[in-house]
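Encoded as structure tokens, the structure appears first; notes follow it.
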Amino acid sequence: MKLKPFDYVSFAVAILVVAAFSLFAYGDRTEGSQVRVETEEASFIYTLDEPRELDVEGPLGHTHVEINEGKVRVTESPCREKICIAAGWVSRADEWIACLPNRVFLRVQGGEETGVDAQAF
């Protein structure tokens, strides 16, 4: 099968569209300044500026959370699959890690304030 000139143009346009959407989706993330740790019982907010280690209690046991150098990660969890540990470090606003079996949710928040939006007006 021989490719025609229009086939090459179609491939180039497809690559440009994928690159543009990728930049739009992932390119404008700011560094977070806090992490919200949520459990069934409570919600806690910690700054990412201070190194600390947390043991968060869930229905299955303790989930160990490490905050260091502006990043957060889960280092130990009693869940079976350990997907929360495999997620690694997160540091950008709106990134998150969840341990669903132990019902622990970490979400990085902060960065630039967007100000008043249409709903607040």
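Small disclaimer: the values here were computed from a predicted structure and weren't measured.
Side-chain contact between L48 and V72: present, with at least one pair of heavy atoms (C-beta onward) separated by less than 4.5 Å. Within the 4.5 Å cutoff, no side-chain heavy atoms of V35 are placed close to those of I45. Looking at L3 and Y8, their side chains come closer than 4.5 Å, going by heavy atoms from C-beta outward. With a 4.5 Å cut-off on side-chain heavy atoms, C84 and I97 count as touching. In this structure, L54 and Y46 have side chains that are in contact, with non-hydrogen atoms separated by less than 4.5 Å. The shortest distance between side-chain heavy atoms of F44 and E38 does not fall below 4.5 Å. Residues C99 and V74 fail the side-chain proximity criterion, which asks for heavy atoms closer than 4.5 Å.
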side-chain contact (heavy atoms from CB on, under 4.5 Å) for V108 and D94? Distances and angles first, verdict last. CA-CA 5 Å; V108 177; D94 296 329; over 6 Å; no

Using side-chain contact (heavy atoms from CB on, under 4.5 Å), reason through T75 and V65 one step at a time and then give a plain yes or no. CA-CA 6 Å; T75 57; V65 177; over 6 Å; no

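Atom NZ of K2 is separated from atom CG of D7 by 12.0 Å, given to the nearest 0.5 angstrom. Separation of atoms CD (E57) and CD (E40) is listed at 10.5 Å; rounding is to 0.5 Å.
Minimum heavy-atom separation, E50 to I67: O-CG2, 3.7 Å. Closest heavy-atom contact between C79 and L60: CA-CD1, 4.2 Å.
Side-chain N/O atoms of S43 and R36 include a donor and acceptor closer than 3.5 Å. A donor-acceptor contact closer than 3.5 angstrom is absent between the side chains of E76 and H62. Side-chain contact check for N102 and S77: no donor-acceptor pair (N or O, by modelled atom type) lies under 3.5 Å.
Looking only at distances, a side-chain donor or acceptor of T39 sits under 3.5 Å from a matching main-chain atom of A42.
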